[in-house]
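Reminder, nothing fancy here: chain letters follow the sequence lines and each chain counts from 1. All heavy atoms count here, side chains included; hydrogens, waters and symmetry mates do not. Please read these numbers as outputs of a predicted model, since none were measured by experiment.
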Number of protein chains: 2
Amino acid sequence: MADEHGPNSCVTCPRRQLTEWRNLELEHLELVNRHKHDRMLKPGEILFNQGDESEGIYCIKEGLVGERRLDAEGHSILVRLSHPGTTVGYQELLSKRPFRNSAEVLQDSHVCFINKSIVQQLIENSPSVGQRFLRRSLKDAQDLEDSFIEVQTIGVKARLLHVLMIFYERYGHLDPEVGHVFDIPVARRDLAALVGAAPETISRTTRQLEEDGLVQFRGVRQAIIPNLDLVFEEIGTDI
Amino acid sequence: MADEHGPNSCVTCPRRQLTEWRNLELEHLELVNRHKHDRMLKPGEILFNQGDESEGIYCIKEGLVGERRLDAEGHSILVRLSHPGTTVGYQELLSKRPFRNSAEVLQDSHVCFINKSIVQQLIENSPSVGQRFLRRSLKDAQDLEDSFIEVQTIGVKARLLHVLMIFYERYGHLDPEVGHVFDIPVARRDLAALVGAAPETISRTTRQLEEDGLVQFRGVRQAIIPNLDLVFEEIGTDI
DNA sequence: GCAACATCTTGATCAACATCAATGATGCGT
DNA sequence: ACGCATCATTGATGTTGATCAAGATGTTGC
């Protein structure tokens, strides 16, 4: 399991700088590295299910993971997306409660699992870790509060644009010929679940965005924004 | 400012057991007590405004405080209510960001203000305080996530019932003659802002609840639930 | 390459809620 | 107690998005 600081080692993992393990001393880092479990996962595979007890924490090294909740009527809502450099499942681990969401792999992913006993040791021995988790929790709470306001306030069109902008930030690049090109890493139904709307509504809204000249869609997995300013105007300058 | 463990002292404050200062040593407690500022506030008074920089933390000793956010179109949404035993404004203090909501007193309240330099000292010298704030933040994030799901999923009627049940838990008592009587501590417009609906919709929904026999309203500030089971049935047993 | 299946789109209809306008209640100051 | 201002209710109408049903477009396995 321990490759001596090879390409799979936590010590040299470039994503670690984004995580709560950022300031970890070498000693603790090697502890993590010795005990971590690497997994390569395909879309549709499950990290954990709603209702499960937490066994540890999941580090996303590559790929994309979504946290999904099923409501009483069986609708699934995508509560959040986790990109590389994110630890998934820390809330339930720290609060010792069962998972309230399921975590599902949305793209080919490389995920490391760290057992709760190891995390416990890190928190006890490295004060920075606790602080990082506090900051992370504060940020998550604030993001959620914003989404909460957004859902009550603005319509599907603006919310869809917002989600598309998130994809653009992460997967986009500028093609001087056509504009800002980016991938949509999820299926339409998941895009719908992310926006909090029915798939049919997403279809109609994307068509409307094309008619407005805000976004062009190339098939179902790619899109182009010819003019970013028009989009900012629509959603109110602040992203 | 310092009364020797009189009725206004933090040392003997009964609400403290509910706050992050719960396990504070006497020494630190007296530090807080020496530097806290007591204020008696009337409905409508403001603790802080959206956009202000955080100067410290607010302890609710008595009364009721609401956090309100104004969206782009000027709608105000009541993001959360804070009851006695709650510290308000900790997120912005710890993340060193400007307040994203305004805090407004909704009922006659007794609020203590603690300057950020004191809070800083406490966190540095008393490890339990940081942990308490972490727990608090985790809980807030989880509550928000639930509200988020709720807003997308269930209708105004169920959401209103949910809010009424919160009031019942806090202000209610059983009158064997008529049923479970409780006060509604906010005006209709604020009840609307809390549910995330227009005041007109709240009017119509309350009328519907009366027609269904779920809740009777006595004026605008009091209500009666003749049969709790009927309400639980409507919102799905879990509260 | 084609069948079988899942996914996406389109159209028609419906329910929920917002908005606007008017009226009725309540409270507050002098 | 009166008048004014704020707040709450009611009705009429408009908008948004969900749902249902059907067709179109992929996608996978053989």
Side-chain angles (χ1 to χ4, degrees), chain A residues 42-44 71-78 104 106 149-164 184-212 215-223 234, chain B residues 42-44 66 71-78 104 106-108 149-164 183-212 215-223 234:
Chain A
K42 290 277 172 198
D71 72 16
E73 284 87 37
H75 299 130
S76 102
I77 295 177
L78 260 178
E104 180 186 331
L106 300 177
I149 307 292
E150 214 179 55
V151 170
Q152 295 218 2
T153 298
I154 69 182
V156 164
K157 188 171 159 187
R159 229 158 55 240
L160 175 57
L161 274 174
H162 197 137
V163 172
L164 290 178
I184 299 169
V186 297
R188 276 286 182 277
R189 53 155 48 151
D190 284 336
L191 188 55
L194 211 45
V195 172
E200 296 95 324
T201 304
I202 298 299
S203 260
R204 294 184 234 280
T205 310
T206 53
R207 190 152 49 80
Q208 203 192 331
L209 289 176
E210 292 215 294
E211 284 164 7
D212 297 349
V215 185
Q216 289 157 20
F217 292 87
R218 293 265 182 278
V220 94
R221 290 287 191 153
Q222 201 176 65
E234 185 77 23
Chain B
K42 291 276 173 196
D71 71 15
E73 285 89 37
H75 299 127
S76 100
I77 295 177
L78 260 178
E104 179 186 331
L106 300 178
Q107 286 189 320
D108 286 355
I149 306 293
E150 214 179 56
V151 169
Q152 296 216 7
T153 298
I154 70 182
V156 164
K157 187 171 161 188
R159 228 154 61 236
L160 175 58
L161 274 174
H162 197 137
V163 171
L164 290 177
D183 292 329
I184 299 169
V186 298
R188 275 288 183 278
R189 51 157 48 163
D190 284 336
L191 188 55
L194 212 46
V195 172
E200 294 96 324
T201 303
I202 298 299
S203 259
R204 294 184 233 279
T205 310
T206 54
R207 191 153 50 80
Q208 204 193 330
L209 290 177
E210 292 215 294
E211 284 165 7
D212 297 350
V215 186
Q216 289 158 19
F217 291 85
R218 293 267 183 275
V220 95
R221 291 287 190 150
Q222 203 176 65
E234 184 76 24

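Residues B:F217 and B:Q222 have side chains not in contact (no heavy-atom distance under 4.5 Å, counting atoms from C-beta outward). Within the 4.5 Å cutoff, no side-chain heavy atoms of B:L191 are placed close to those of B:L78. Counting only heavy atoms from C-beta outward, the side chains of B:E234 and B:K157 approach each other to under 4.5 Å.
Distance NZ (A:K157) to P (D:dG17): 10 Å, rounded to an integer number of Å. One atom, CD1 of A:I202, and another, C1' of C:dT9, lie 13 Å apart when rounded to the nearest Å. Protein atom CG of A:L160 is 11 Å distant from nucleotide atom P of D:dG17, rounded to whole Å. Atom-to-atom, NE2 of A:H75 to P of D:dG17 comes out at 16 Å; the value is rounded to the nearest Å. Remark: P of C:dT9 and CG of A:L209 are 12 Å apart, rounded to the nearest angstrom. One can place CD of A:Q208 at 9 Å from P of D:dG17, the figure rounded to the nearest angstrom. Distance, A:L191 CG to C:dC8 P: 10 Å, rounded to whole Å. Rounded to whole angstrom, the span from the CZ atom of B:R189 across to the C1' atom of C:dA18 amounts to 17 Å.
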Checking A:L209 against A:L164 for the side-chain contact (heavy atoms from CB on, under 4.5 Å) test, could you report, in this order, the C-alpha distance in whole Å, the side-chain angles of both residues, the deciding distance, and whether it holds? CA-CA 11 Å; A:L209 289 176; A:L164 290 178; 4.2 Å; yes
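OP1 or OP2 of D:dA18 lies within a sub-4.0 Å distance of a side-chain N or O belonging to A:T201. For B:S203 and D:dT10, the shortest distance from a side-chain N or O to OP1 or OP2 is not below 4.0 Å. Within the structure, a side-chain polar atom (N or O) of A:R188 is placed less than 4.0 Å from OP1 or OP2 of C:dT9.
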How does protein reach along nucleotides 21-30 of chain C, written 5' to 3' as B (base within reach of a heavy atom under 4.0 Å), S (only sugar-phosphate), or - (no contact)? ----------
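Partner of B:V195 under the side-chain contact (heavy atoms from CB on, under 4.5 Å) criterion, out of B:V151, B:I202, B:T201: B:I202 alone.
When heavy atoms are screened at a 4.0 angstrom cut-off, A:R204 is found touching base atoms of the nucleic acid. Residue-level contact check: A:G219 touches neither bases nor backbone, having no heavy atom under 4.0 Å from any strand.
Residues B:D108 and B:K42 are paired through a salt bridge, judged by an N-O separation under 4.0 Å between the basic side chain and the carboxylate. Under 4.0 Å is where a charged nitrogen must lie from a carboxylate oxygen, and between A:E211 and A:R207 at least one such pair does.
When each of B:P199 and A:I154 is assigned the nucleotide of DNA chain D with its nearest heavy atom, B:P199 is the one assigned upstream, toward the 5' end.
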